[in-house]
Amino acid sequence: AQSVAQPEDQVNVAEGNPLTVKCTYSVSGNPYLFWYVQYPNRGLQFLLKYITGDNLVKGSYGFEAEFNKSQTSFHLKKPSALVSDSALYFCAVRGYNDMRFGAGTRLTVKP
Amino acid sequence: DTGVSQNPRHKITKRGQNVTFRCDPISEHNRLYWYRQTLGQGPEFLTYFQNEAQLEKSRLLSDRFSAERPKGSFSTLEIQRTEQGDSAMYLCASPREGFYGYTFGSGTRLTVV
């Protein structure tokens, strides 16, 4: 079965520093991978996806993610964090009938 | 505006009452998904529809949960005899053509007191 794991419950970074939010996946076949962000009391907003092609995927709000097949990882990155990036981030993998999500990583960016 | 509309945004109910939530998905797509998200957790798949047919419902949490999509457009999720453990955010999602992923509504937050 398709699954993803987010090994960190919490990530803290200072504003202006680079950030990384980690995700590993387990799939049979080619993975369709996604990152979503959630602000308090809101639904999930799409950030970026990997379907095929370049391993470095660029998305919304300056975020990017690197697909690494050998390490089965899909880490979310941003070169310079903003306080407004503070939110809950979810990695997800598309299955046949549904989408499976990780438990989420809370990102806090401090001024 | 994501194109997926959910009502109400918030619902507070007393334990034992029945509640119903509505989702209006992206109009051009025939699939619709329901998820539940508890505090601090990722969304958990509940059920999905293709048009009016409910193709997967084994993941509904108990027989108190039911969903319908009578005309293949909007959908409702009902919880009967609510319990405090049902308190959660209930999310509806719809695929977007050529997108491979889902677009989510803003959710309905249920609080059972």
Side-chain angles (χ1 to χ4, degrees), chain A residues 1-10 21-25 27 29-53 57 59-60 65 67 74 76 87-108, chain B residues 1-12 21 23-26 30-50 53-60 87-96 98-111:
Chain A
Q2 322 286 63
S3 67
V4 290
Q6 295 180 243
E8 302 160 317
D9 293 334
Q10 174 90 30
V21 183
K22 296 180 180 178
C23 172
T24 59
Y25 66 88
V27 302
N30 294 322
Y32 290 178
L33 297 164
F34 302 81
W35 276 101
Y36 284 82
V37 61
Q38 187 176 35
Y39 297 99
N41 294 314
R42 303 291 295 179
L44 278 71
Q45 297 179 27
F46 168 77
L47 278 180
L48 51 77
K49 65 182 178 184
Y50 173 83
I51 305 300
T52 187
V57 178
S60 307
F67 173 72
F74 188 57
L76 181 70
L88 198 52
Y89 290 81
F90 292 99
C91 180
V93 60
R94 178 77 186 263
Y96 181 70
N97 287 330
D98 65 353
M99 185 173 284
R100 304 286 178 95
F101 288 83
T105 299
R106 183 165 299 283
L107 173 67
T108 301
Chain B
D1 181 10
T2 67
V4 178
S5 176
Q6 290 189 247
N7 289 289
R9 291 293 305 277
H10 303 277
K11 178 71 176 179
I12 300 174
F21 313 136
C23 172
D24 289 88
I26 296 173
N30 53 19
R31 284 200 173 190
L32 182 152
Y33 299 81
W34 283 101
Y35 282 77
R36 184 180 83 152
Q37 184 182 16
T38 52
L39 198 62
Q41 297 297 316
E44 175 186 13
F45 171 73
L46 294 178
T47 187
Y48 88 99
F49 291 84
Q50 175 128 353
Q54 190 173 11
L55 299 186
E56 173 60 68
K57 56 182 178 181
S58 65
R59 307 270 288 280
L60 285 169
S87 296
M89 175 80 89
Y90 291 85
L91 295 163
C92 176
S94 178
R96 259 198 349 244
F99 175 56
Y100 298 100
Y102 300 168
T103 297
F104 284 84
S106 296
T108 294
R109 178 164 295 284
L110 172 66
T111 302

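Every chain is numbered from 1, with letters handed out A, B, ... down the list of sequences. Below, each value reflects all heavy atoms present in this structure, side chains not excepted, and no hydrogens, waters or symmetry copies.
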Practice problem: Heavy atoms only, distances under 4.5 angstrom: which of B/Q50, B/Q6, B/E56, B/R9 has the most pairs with chain A? Name it, please. | Solution: B/R9
Quiz prompt | Residues forming a side chain to side chain donor-acceptor pair (under 3.5 Å) with A/T24, sequence neighbours excluded | solution = none
Self-check item: Residue B/Q37 versus chain A: region with a heavy atom under 4.5 Å
Solution: side chain
Practice problem: Below 4.5 Å from any heavy atom of chain B, which atoms of A/Q38 appear? Answer side chain, backbone, both or neither. | Solution: side chain
Quiz item: Quick one: salt bridge (Lys or Arg N to Asp or Glu O under 4.0 Å) partners of B/D24, sequence neighbours excluded?
Solution: B/R22
Practice problem: Could you point out which residue of B/Y90, B/Y48, B/F49, B/F104 forms a ring-ring contact (aromatic ring centres under 6.0 Å, His included) with B/Y33? | Solution: B/Y48
Exercise. For the residue pair B/L32 and B/C92, establish whether any side-chain heavy-atom pair is separated by less than 4.5 Å.
Key: yes
